[in-house]
Asks: 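Take a look at the following structure, please.
One is the number of the first residue; the rest follow in order along the sequence.
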Amino acid sequence: QVQLVESGGGLVQAGGSLRLSCAASGDTICISAMGWYRQAPGKERELVAAITSGGITVYADSVKGRFATTRDNAKNTVYLLMNSLKPEDTAVYYCNAHCRVVGGPENDYWGQGTQVTVSS
């Protein structure tokens, strides 16, 4: 079992910045990758950014050059650094952890979500 607790959301003006944090606890050894997803009203949940245990990152085209995700393994925490925010970034952001056991099952765990609202 892995628990994810998110923080850092809020209301910002266009062009501003926010940093989201996601702290993992429990059986964190299983985590092979962590990612950030977002869901806006009336839209499907989409991948924003992800980082593997090896440090490889991927980003949605819409956030490339503006967002960055990092991990602090000592603190079991992943961050999403969001710069040059746009109104279209407004969404609920969810932290995800993908867990695996070698030769065993895989599971996904989710944070509670944090609202990011970007005003014009």
Side-chain angles (χ1 to χ4, degrees):
Q1 181 81 347
V2 173
Q3 295 81 42
L4 303 175
V5 179
E6 302 179 41
S7 62
L11 173 64
V12 297
Q13 294 182 344
S17 300
L18 282 175
R19 185 182 73 167
L20 306 184
S21 299
C22 177
S25 61
D27 189 17
T28 59
I29 297 176
C30 74
I31 299 175
S32 60
M34 297 186 71
W36 293 93
Y37 292 73
R38 68 186 181 188
Q39 187 166 23
K43 299 188 66 176
E44 296 182 358
R45 186 174 299 185
E46 64 175 347
L47 175 68
V48 177
I51 183 168
T52 71
S53 59
I56 299 173
T57 57
V58 295
Y59 298 93
D61 288 341
S62 59
V63 307
K64 286 181 179 177
R66 299 189 297 120
F67 291 10
T69 186
T70 61
R71 292 185 66 180
D72 185 340
N73 289 335
K75 297 181 178 180
N76 293 316
T77 300
V78 64
Y79 304 93
L80 182 65
L81 311 177
M82 304 184 293
N83 298 309
S84 301
L85 283 162
K86 304 174 181 179
E88 51 262 44
D89 295 319
T90 296
V92 177
Y93 284 70
Y94 296 92
C95 178
N96 167 268
H98 185 72
C99 287
R100 69 182 182 190
V101 178
V102 176
E106 300 181 359
N107 292 288
D108 282 288
Y109 300 90
W110 295 90
Q112 79 279 12
T114 185
Q115 176 71 46
V116 172
T117 302
V118 184
S119 65
S120 60

Asks: Determine whether Val63 and Val116 fall in the same hydrophobic cluster, where Ile, Leu, Val, Met, Phe, Trp and Tyr are linked whenever their side-chain heavy atoms lie under 4.5 Å apart.
Replies: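 Yes, Val63 connects to Val116 through the hydrophobic network.
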Asks: When you measure from the side chain of Thr90 to the backbone N and O of Pro87, does any donor-acceptor pair fall under 3.5 Å?
Replies: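 At least one qualifying donor-acceptor pair exists.
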Asks: Determine yes or no for a side-chain-to-main-chain donor-acceptor pair under 3.5 angstrom, with Glu106 supplying the side chain and His98 the backbone.
Replies: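 Such a contact is absent between Glu106 side chain and His98 backbone.
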Asks: Under a single-linkage definition using a 4.5 Å side-chain heavy-atom cutoff for Ile, Leu, Val, Met, Phe, Trp and Tyr, are Tyr109 and Val48 assigned to the same hydrophobic cluster?
Replies: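 Cluster IDs for Tyr109 and Val48 match.
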Asks: What pairs meet the salt bridge (Lys or Arg N to Asp or Glu O under 4.0 Å) rule with one or both residues in residues 40-54, with sequence neighbours excluded?
Replies: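 Non-adjacent pairs meeting salt bridge (Lys or Arg N to Asp or Glu O under 4.0 Å): Arg38-Glu46.
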Asks: Could you give the distance from NZ (Lys64) to OG1 (Thr57), rounded to the nearest 0.5 Å?
Replies: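 Answer for the NZ-OG1 pair, Lys64 versus Thr57, is 10.0 Å.
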Asks: Under a 4.0 Å threshold between the charged nitrogen and the carboxylate oxygen, would Lys86 count as salt-bridged to Asp89?
Replies: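 Looking at Asp89 and Lys86, the cut-off is not met.
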Asks: Taking side chain as C-beta onward, heavy atoms only, is Leu20 less than 4.5 Å from Met82?
Replies: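 In contact.
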Asks: When clusters are formed by joining ILVMFWY residues with side-chain heavy atoms under 4.5 Å apart, either directly or through shared neighbours, do Tyr79 and Leu4 land in the same one?
Replies: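 Unlinked, Tyr79 and Leu4 end up in two clusters.
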Asks: What pair of heavy atoms forms the shortest contact from Thr28 to Asn76, and how long is it?
Replies: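 Heavy atoms of Thr28 and Asn76 come nearest at OG1-OD1, 3.7 Å.
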Asks: Which pair of heavy atoms, one from Val5 and one from Gln112, lies closest together, and at what distance?
Replies: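 It is CA-OE1, 3.7 Å.
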Asks: Applying a strict under-4.5 Å side-chain criterion to I, L, V, M, F, W and Y, I'd like to know whether Tyr94 and Leu47 cluster together.
Replies: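 Linked, Tyr94 and Leu47 end up in one cluster.
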Asks: Quick test of your reading: applying ring-ring contact (aromatic ring centres under 6.0 Å, His included), list the pairs with at least one residue in residues 20-53, sequence neighbours left out, ordered by first then second residue.
Replies: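 Found Tyr37-Trp110.
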Asks: Heavy atoms only: give me the nearest Leu18-Gly8 pair and the separation to one decimal.
Replies: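 Heavy atoms of Leu18 and Gly8 come nearest at CD2-O, 3.8 Å.
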Asks: Arg71 and Ile31: which non-hydrogen atoms are nearest, and at how many Å?
Replies: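 Shortest heavy-atom separation between Arg71 and Ile31 comes out as NH2-CG2, 4.1 Å.
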Asks: Hey, could you give me the CG/CG distance between Asp108 and Asn96, rounded to the nearest 0.5 Å?
Replies: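 It comes to 4.5 Å.
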Asks: Any side-chain to backbone donor/acceptor pair from Tyr59 onto Thr69? Under 3.5 Å, distance only.
Replies: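 Side chain of Tyr59 to backbone of Thr69: a pair is present.
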Asks: Roughly how far apart are Arg100 CZ and Ser53 OG, rounded to 0.5 Å?
Replies: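 Atom-to-atom, Arg100:CZ and Ser53:OG are 6.0 Å apart.
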Asks: Quick check: do Asp27 and Gln1 have side-chain heavy atoms less than 4.5 Å from each other?
Replies: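 Not in contact.
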Asks: CE of Met34 to OG1 of Thr77: how many Å apart, nearest 0.5 Å?
Replies: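 OG1 of Thr77 is found 8.0 Å from CE of Met34.
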Asks: Within the 4.5 Å heavy-atom criterion, are Arg19 and Ser17 side-chain neighbours or not?
Replies: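 Contact flag for Arg19/Ser17 side chains = no.
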Asks: What residue pairs, at least two apart or across chains, pass disulfide (SG to SG under 2.5 Å) with a residue in residues 53-120?
Replies: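 Counting only pairs at least two positions apart or across chains, the disulfide (SG to SG under 2.5 Å) contacts touching residues 53-120 are Cys22-Cys95, Cys30-Cys99.
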Asks: What is the minimum heavy-atom distance between Val12 and Leu85, and which atoms define it?
Replies: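 Where Val12 meets Leu85 most closely, the heavy atoms are CG2-CD1, 3.5 Å.
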